[in-house]
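Working notes, beginning with the structure itself.
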Amino acid sequence: MIKVKSIVLGMLENNCYLLTDEKSGKSALVDCTDASERMTDFLGNADLEYILLTHGHFDHIGGVAEIKEKYGAKVVISREDEAMLSSGKLSLAAFSGISQNSAKADIIVSDGDVLNLGETKISVMSTPGHTKGGLCFIADDAIFTGDTLFYCSCGRTDFPGGSFEEIKKSLKRLASLDKNYRLYPGHESESTLNFEKKNNPYMR
């Protein structure tokens with residue numbers, strides 16, 4: 001079983017999540033907006049094994065280099081979005097007038113891969129559309145959806161690498177899951193999969 005806690009950080013009000021395997025105490029951070037004092041207070045003395053990146057936009061990776069160094073966590077991202085870790089142009093940081101500290105990936109994942117966090121299995125689902133390498137991470141009854149699926153909405157697709165056709169396919173894959181997962185998106189409110197199937201116009 002996992003415990004999940006969240007914090008909202010940054011100018012785009014990103015949700016970052018700390019999921020912890022209750023038996024081992026090992027943790028993973030889902031997305032890393034910054035390395036601010038609020039972030040380090042949030043992480044505290046966590047036994048941080050992974051930084052799981054749902055995609056490579058600057059508001060989800062801004063603190064990766066510093067948090068990786070401080071905690072010794074392994075950075076996990078898709079092959080398609082890996083280059084964003086070292087390119088402010090690709091991550092859209094430069095477009096937004098933000099300086100980006102370059103970071104390196106430790107683990108490249110793709111659809112169907114599984115990461116072990118203590119006794120918890122974290123499954124990787126490829127969900128392109130917002131970016132080419134968008135990912136969702138599934139653990140126990142939780143899905144961390146990044147900017148693929150929001151409360152009654154979905155991620156925008158007008159940035160480089162975005163595709164409305166691809167995000168529709170990704171949302172269809174999520175809708176095909178038969179468990180009422182708790183949804184933890186990259187922005188805005190938490191939800192459940194059954195609620196989104198019924199109420200989200202992009203999942204119909």
Side-chain angles (χ1 to χ4, degrees), residues 4-20 26-110 113 115 117 122 124-137 139 144-148 150 155-162 184-188:
V4 179
K5 66 174 187 175
S6 63
I7 190 171
V8 179
L9 292 169
M11 66 181 188
L12 298 183
E13 298 187 333
N14 287 73
N15 296 324
C16 298
Y17 302 99
L18 186 69
L19 63 130
T20 302
K26 292 185 176 295
S27 295
L29 176 65
V30 180
D31 291 334
C32 187
T33 297
D34 60 36
S36 63
E37 185 175 347
R38 288 190 64 217
M39 172 62 90
T40 55
D41 285 348
F42 171 70
L43 294 174
N45 61 354
D47 183 4
L48 195 65
E49 187 160 349
Y50 302 114
I51 301 172
L52 306 175
L53 300 175
T54 60
H55 63 291
H57 283 156
F58 73 93
D59 53 319
H60 294 256
I61 67 168
V64 168
E66 294 91 339
I67 297 301
K68 174 182 176 178
E69 181 177 1
K70 182 176 177 65
Y71 288 87
K74 297 179 179 70
V75 176
V76 180
I77 196 169
S78 66
R79 175 69 66 195
E80 293 85 351
D81 281 13
E82 179 187 12
M84 296 182 184
L85 289 171
S86 56
S87 171
K89 181 178 179 181
L90 293 175
S91 74
L92 305 183
F95 173 78
S96 302
I98 293 170
S99 177
Q100 176 177 315
N101 290 332
S102 182
K104 289 186 177 180
D106 297 291
I107 301 174
I108 301 299
V109 291
S110 56
D113 287 349
L115 299 167
L117 182 71
I122 302 174
V124 178
M125 178 184 282
S126 176
T127 53
H130 181 65
T131 65
K132 285 289 185 187
L135 300 173
C136 290
F137 295 100
F144 301 88
T145 61
D147 287 6
T148 297
F150 297 138
R156 58 190 294 179
T157 58
D158 56 338
F159 293 130
Y184 295 98
H187 304 269
E188 304 173 5

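Predicted model, so just to flag it, every value in this text is computed and none were measured. Along the sequence shown, residues are numbered consecutively beginning with 1. All values below were derived from every heavy atom in this structure, side-chain atoms included, with hydrogens, water molecules and symmetry-related copies excluded.
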[atom1] of [X] to [atom2] of [Y]: how many Å apart, nearest 0.5 Å?
X    : Y    : atom1 : atom2 : answer
F159 : H130 : CZ    : NE2   : 6.5 Å
I51  : C32  : CD1   : SG    : 5.0 Å
L12  : H57  : CG    : NE2   : 11.0 Å
E49  : L117 : CD    : CG    : 5.5 Å

All side chain to side chain donor-acceptor pair (under 3.5 Å) counterparts of [X], not counting sequence neighbours:
X   : answer
T33 : none
R38 : none
D31 : T54, H60
Y71 : none

In chain order, what residues pass the salt bridge (charged side-chain N to carboxylate O under 4.0 Å, His left out) check against D113, with sequence neighbours excluded? none
List the residues meeting salt bridge (charged side-chain N to carboxylate O under 4.0 Å, His left out) with D41, not counting sequence neighbours, and say none if there are none. none
Compile the donor-acceptor pairs under 3.5 Å between side chains in residues 84-96 and protein atoms, sequence neighbours left out, one pair per line.
| from | atom 1 | to | atom 2 | distance (Å) |
| --- | --- | --- | --- | --- |
| S86 | OG | A83 | O | 3.4 |
| S87 | OG | K89 | N | 3.4 |
| S87 | OG | L90 | N | 3.0 |
| S91 | OG | S87 | O | 3.3 |
| S91 | OG | G88 | O | 3.4 |
| S91 | OG | A93 | N | 3.3 |
| S91 | OG | Q100 | OE1 | 2.3 |
| S96 | OG | L92 | O | 3.1 |

Listed partners of [X] passing side chain to side chain contact (heavy atoms under 4.5 Å, CB included), at least two apart:
X   : answer
S27 : L18, T20, A46, L48
S6  : Y17, E190
E82 : I77, R79, A105, I108

Only one of L29, L53, N101, D34 clears side-chain contact (heavy atoms from CB on, under 4.5 Å) with V64; which? L53
If the test is side-chain contact (heavy atoms from CB on, under 4.5 Å), which one of V124, V75, I122, V109 qualifies with L52? I122
Could you please spell out the steps behind the side chain to side chain contact (heavy atoms under 4.5 Å, CB included) verdict for L19 and F137? CA-CA 11 Å; L19 63 130; F137 295 100; over 6 Å; no
Identify the heavy atoms of [X] and [Y] that sit nearest to each other, and give their distance.
X   : Y    : answer
S78 : L135 : N-CD1, 3.8 Å
L9  : C16  : CD1-SG, 4.4 Å
D81 : G134 : OD2-N, 4.1 Å
H55 : I61  : O-CG2, 3.7 Å

Please check if the side chain of T145 supplies one atom and the backbone of T148 the other of a donor-acceptor pair under 3.5 Å. no
Under a 3.5 Å distance rule, please check whether N15 uses its side chain to pair with a backbone N or O of P185 as donor and acceptor. yes
Salt bridge (Lys or Arg N to Asp or Glu O under 4.0 Å) pairs touching residues 62-73, sequence neighbours excluded, are K68-D106
Crowding at NZ, K5 (>12 non-hydrogen neighbours, <6.0 Å): yes
Would you indicate whether the side-chain heavy atoms of Y184 and V30 approach each other to under 4.5 Å? no
